[in-house]
S.K.: 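Got a structure here, written out as structure tokens. Questions coming.
When a ligand or atom number is given, it counts from 1 through the structure's own listing order. Since the structure is predicted, the reported quantities are computational estimates derived from the model, not experimental observations.
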Amino acid sequence: MDRTELSRLANEARKNSYCIYSNFSVGAALLTKDGKVYTGCNIENASYPAGICAERTAFVKAVSEGARQFEAIAIAGGPEGEAPDDAFPCGICRQFMNEFVNGADFEVVIVHQDLTYTTYSLEELLPHSFGPESLKTLE
Ligand code: THU
């Protein structure tokens with residue numbers, strides 16, 4: 001799937017955002033290597049830290065359905081009712097995504113106001129990461 005369509009799906013996913021505290025809606029569209037898309041939005045909570053970001057919602061949906069091979073995620077976020085505006089994933093989401101992908105091979109597609117986008121690798125956004133490999137004990 002091309003990244004323009006993935007960006008459109010991410011922006012579409014913002015419509016279901018539950019963001020009554022921040023009024024900042026975020027949508028994500030996660031593409032698997034076999035071409036399936038899982039979308040997600042941010043879901044806030046009266047107990048603020050209990051809320052979840054759009055990117056993790058998408059990953060949780062995908063992983064819980066058995067998906068394990070991921071190619072790219074598009075992220076569209078901005079004030080509710082307005083165009084998206086370069087919403088980068090938070091640190092927790094970068095770490096969460098890093099668990100399931102090779103950072104050098106996984107694309108993070110950031111959606112601009114006019115729905116064009118810029119692509120980064122997760123490794124660019126989370127260099128020197130701590131991941132599953134870091135926990136392997138030395139012989
Ligand atoms: N948010 C996301 O959904 N993804 C991010 O990577 C950054 C922040 C959400 C969390 C909260 O609901 C709102 O944006 C404002 O922080």
S.K.: Have a look at ligand 1 and work out which part of Cys53, if any, has a heavy atom under 4.0 Å from it: side chain, backbone, both or neither.
M.R.: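 Near ligand 1, Cys53 shows its backbone as well as its side chain.
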S.K.: Between Phe100 and Phe106, is the ring centroid distance below 6.0 Å?
M.R.: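 No.
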S.K.: Which residue supplies the protein heavy atom nearest to atom 11 (C) of ligand 1, what is that atom called, and how far is it?
M.R.: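 Protein heavy atom at minimum distance: Glu44 OE2, 3.2 Å.
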S.K.: Do Tyr38 and Lys36 make a side-chain contact, defined as non-hydrogen atoms from C-beta onward lying under 4.5 Å apart?
M.R.: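 Yes, their side chains come closer than 4.5 Å.
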S.K.: Show which atoms of ligand 1 fall inside a sub-4.0 Å distance from at least one heavy-atom site of Cys90.
M.R.: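 Answer for ligand 1: 5 (C), 6 (O).
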S.K.: Any protein heavy atom under 4.0 Å from atom 16 (O) of ligand 1?
M.R.: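 Looking at atom 16 (O) of ligand 1, one finds that no protein heavy atom lies closer than 4.0 Å.
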S.K.: Would you say the ring centers of Tyr21 and Tyr48 fall short of 6.0 Å from each other?
M.R.: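 Judged by ring-centre distance (under 6.0 Å), Tyr21 and Tyr48 do meet the cut-off.
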S.K.: What is the closest protein heavy atom to atom 3 (O) of ligand 1, and at what distance does it sit?
M.R.: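 The closest heavy atom on the protein side is Ala54 N, 2.9 Å.
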S.K.: Within a 6.0 Å radius of atom CG on Leu115, are there more than 12 heavy atoms belonging to other residues, nucleotides or ligands?
M.R.: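 Atom CG in Leu115 is packed in, count exceeds 12.
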S.K.: Report yes or no: does Glu124 contribute a side-chain atom to a donor-acceptor pair with the main-chain N or O of Gly103 at less than 3.5 Å?
M.R.: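 Not a single qualifying donor-acceptor pair exists.
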S.K.: Heavy-atom pairs closer than 4.0 Å: do any link ligand 1 to the side chain of Phe88, the backbone, both, or neither?
M.R.: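 Backbone only; the side chain of Phe88 stays clear of ligand 1.
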S.K.: Report, in ascending order of atom number, the atoms of ligand 1 lying under 4.0 Å from any heavy atom of Ser22.
M.R.: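 Going through ligand 1 atom by atom, the ones under 4.0 Å from Ser22 are 13 (C), 15 (C).
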S.K.: With side-chain contact (heavy atoms from CB on, under 4.5 Å) as the test, would you mind laying out the steps for Tyr117 and Ile110 before giving the verdict?
M.R.: CA-CA 5 Å; Tyr117 57 85; Ile110 303 296; over 6 Å; no
S.K.: Check for me whether Pro89 has a heavy atom closer than 4.0 Å to any atom of ligand 1.
M.R.: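 Judged by the 4.0 Å heavy-atom criterion, Pro89 does count as contacting ligand 1.
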S.K.: Could you identify the single nearest non-hydrogen protein atom to atom 9 (C) of ligand 1 and state the distance to 0.1 Å?
M.R.: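 The protein heavy atom lying closest is Asn42 ND2, 3.6 Å.
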S.K.: Quick check: does any side chain N or O of Arg14 sit under 3.5 Å from a backbone N or O of Ser25, one acting as donor and the other as acceptor?
M.R.: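 Yes; at least one donor-acceptor contact below 3.5 Å.
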S.K.: Out of Glu55, Arg56, Glu80, whose heavy atom is nearest to atom 4 (N) of ligand 1?
M.R.: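 Among Glu55, Arg56, Glu80, the closest heavy atom to atom 4 (N) of ligand 1 belongs to Glu55.
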